[in-house]
Every structure is written in C-alpha cells, then in structure tokens.
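Working notes, structure below.
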Amino acid sequence: MLVSAKEMLEKAKAGKYAVGQFNINNLEWTKAVLTAAQECNSPVILGVSEGAGKYMTGYKTVSAMVQAMIEEMNISVPVALHLDHGSYDGCMKCIEAGFSSIMFDGSHYPIEENIAKTKELVKICAEKGMSLEAEVGSIGGEEDGVIGMGECADPNECKAVADLGITMLAAGIGNIHGKYPANWKGLSFETLDAIQQKTGTMPLVLHGGTGIPDDMIKKAISLGVAKINVNTECQISFAEATRKYIEAGKDLEGKGFDPRKLLAPGTAAIVDKVKEKIELFGSVNKA
Ligand code: 13P
C-alpha cells in the first residue's frame, strides 16, 4: 500500500536523517528502487517527473504498476509515490490516478500566484490524506527541457509558503539538477540556515542530489533537510553498467540479447547506487 510522505518525513526531520526520493523511469527502475529500500529497511519516495509519466504512457499506468509491485514483491517498508515538479494540471491527474504525494512547482510564478495555487492544492491533499511539496526559488539545471539558474530562495517567502499547510518545502539553495559544473560554488548553508530558522519543523527538500559531495549532504541534513532527490546518478549508473555489458560483447553470447539479461546489470547498478544513498542519508532501519 502506498503511504503519504508526511509521517516518514516528520520522523526524518526529528531524527536528523533524510529520506531519499529516487526518480523512476520504467519497470526495472521501480523494481530496483523498491529492492534497495526493502533490503535497507528504509522508507522511500518514488519520484515521477511529468516527462517520465508520459514516457510510461500515463500516471495511471505508473500508479497501477507501483501498487502491484509493492504487493507482488512483498514490500513492507513505507513507500510514497510522488509527482516531481508537477504543474497544476499534472497534480490533478496524479491525485486522480492514485498517487500518494505530489509536488506543485509554482516557483516560476510570481510568489502571490504560487501561494494561491499551492493553497488550493493544500485543501485537496488534506481531504485525500496526501502529502504536498511546494517550491520557492527555482532549482537550476535542466529538467524536462526547463532550465533554471539555481537561485537562492527568500527565507520570508519560504515561511509564507510553509505556513499554508504543505507537508514539505523545496527551497533553492544554489542546488541544480544534473551534473554540477566545475565552477559551482556549492550549497548556500547560510540560506538553508535562515530558511530553517523561519520554517521550524517543516521538512526541507534538497533537489539535485546528484554530485553533491557527501560532507555537504550531511551538513544539509543537520540544517533541516529531510528529503533528498536523486535522479541523474541512477541514470549514469544504469548506462555505465549497460555499456560495459554491450562492450564486452555479452549481448552476442548465447541469449545475451534477451532484455531480461541485457537490462540486468543496469538494474543491479541502480540497486547498489540507491543503497549507497540510503546509507549516506541515514535512513537505514528507519522503516
Ligand atoms: P538530479 O538529477 O540532479 O539527481 O536531481 C534530481 C531531482 O532533484 C529531481 O527532482
């Protein structure tokens, strides 16, 4: 059964660790993330971007697949199925499709409009028992064709959005999606500290988990980050392992072309990567 991310994130914030959101792209990805979370006895959030939702033919397919997999794989750790960087329309579709959590990314709207739309979704999510993530200050990098510059959020705007009754807050602190450029200045802990002081017990979300050095991740958790999103790193691990398999000519040996064999090393690589992150985030045995 899917759960809202509320309880797992409140526990994480209080216990000073973070729950990983790992984005899924297909059946193998989902199986790998669920396997890793179960083996680590850790709560987990499956993230679905609008692009990935479309790729998998729609949110209903994703929701049905994930719920069936939890049952068939006997997954007993808490799992939230979460829309990542949703539009208002995307959020409505995921609510209907049976997701247990959504992110409304209104960071590109003027703050008044972001607040107005977030407020409407707070009401709907409360009625449905779903968790809601809001965003202030756009996260840099490219995601589904949208390029942000990695701004730092205004702590007062963060407080205004946090007070609306959302479950968790994503705030830009110089983080970006995808690989970090060589001249990246690192996370702004000053901004994070100011945001946490204004928002108190609100679980904060760190997007762009790929490529942030371990010591910065740990410091961010100590300053109130309770959810960390990872996508690109799993994609790179999958691609590397698949490349190795092909380059070694394994697809040409026997039935090595069978997708169940061809995709196995990449899938195993995602399991390893997710376990590594769960250990770093400190959520092992927190199910
Ligand atoms: P990365 O792809 O940089 O890991 O970011 C993932 C993310 O923040 C999804 O919202």
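Everything numeric in this text was worked out from a predicted model, so none of it was measured. In listed order, ligands and their atoms are each counted from 1.
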In ligand 1, which numbered atoms sit nearer than 4.0 Å to a non-hydrogen atom of [X]?
X	result
His207	8 (O), 10 (O)
Gly178	1 (P), 2 (O), 3 (O)
His85	10 (O)
Val230	4 (O)
Thr232	1 (P), 2 (O), 3 (O), 4 (O)

Item to check | Polar side chain donor-acceptor pair, Glu39 to Thr35, under 3.5 angstrom | outcome: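 Their side chains do not contain a donor-acceptor pair, so the 3.5 Å distance test is not met.
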Next on the checklist: Do His207 and Asn229 pair up side chain to side chain, a donor and an acceptor below 3.5 Å, judged on atom types alone?
Outcome noted: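 Side chains of His207 and Asn229: pair found under 3.5 Å.
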Next on the checklist: Walk me through whether Gln38 and Ser76 qualify under side-chain hydrogen bond (donor to acceptor under 3.5 Å, both in side chains).
Outcome noted: CA-CA 7 Å; Gln38 185 70 28; Ser76 56; 2.9 Å; yes
Item to check | Cationic tip of Lys286 above Tyr17 ring, under 6.0 Å, 45° of axis | outcome: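 Flagged: Lys286 positioned over aromatic ring of Tyr17.
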Is there any N or O on [X] that sits under 3.5 Å from an N or O of ligand 1?
X	value
Gln21	no
Gly208	yes
Asn229	yes

Item to check | Flag, side chain of Ser131 to backbone of Ser101, donor-acceptor distance under 3.5 Å | outcome: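 Side chain of Ser131 to backbone of Ser101: no pair is present.
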Checklist entry - Which is closest to atom 6 (C) of ligand 1 in terms of heavy atoms, Ile176, Asp105, Asn231? => result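 Of the listed residues, Asn231 has the closest heavy atom.
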Checklist entry - Judged by non-hydrogen atoms, does Gly209 sit under 4.0 Å from ligand 1? => result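 Yes, that is the case, since the closest heavy atom of the residue is under 4.0 Å from the ligand.
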Item to check | Sub-4.0 Å heavy-atom approach of Glu233 to ligand 1 | outcome: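 False for this residue.
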Item to check | Separation of Thr118 OG1 from Glu113 CD (nearest 0.5 Å) | outcome: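 Here the interatomic distance stands at 10.0 Å.
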Next on the checklist: Taking ring-ring contact (aromatic ring centres under 6.0 Å, His included) as the definition, give me every residue that meets it alongside Tyr180, ordered by chain and number, with sequence neighbours left out.
Outcome noted: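 Only Trp184 meet the ring-ring contact (aromatic ring centres under 6.0 Å, His included) criterion with Tyr180.
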Next on the checklist: Just to be sure I read this right, does ligand 1 sit under 4.0 Å from the backbone of Thr210, its side chain, both, or neither, counting only heavy atoms?
Outcome noted: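 Both the backbone and the side chain of Thr210 come within reach of ligand 1.
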Item to check | salt bridge (Lys or Arg N to Asp or Glu O under 4.0 Å) partners for Glu112, two or more places apart | outcome: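 So Glu112 forms no salt bridge (Lys or Arg N to Asp or Glu O under 4.0 Å) with any residue.
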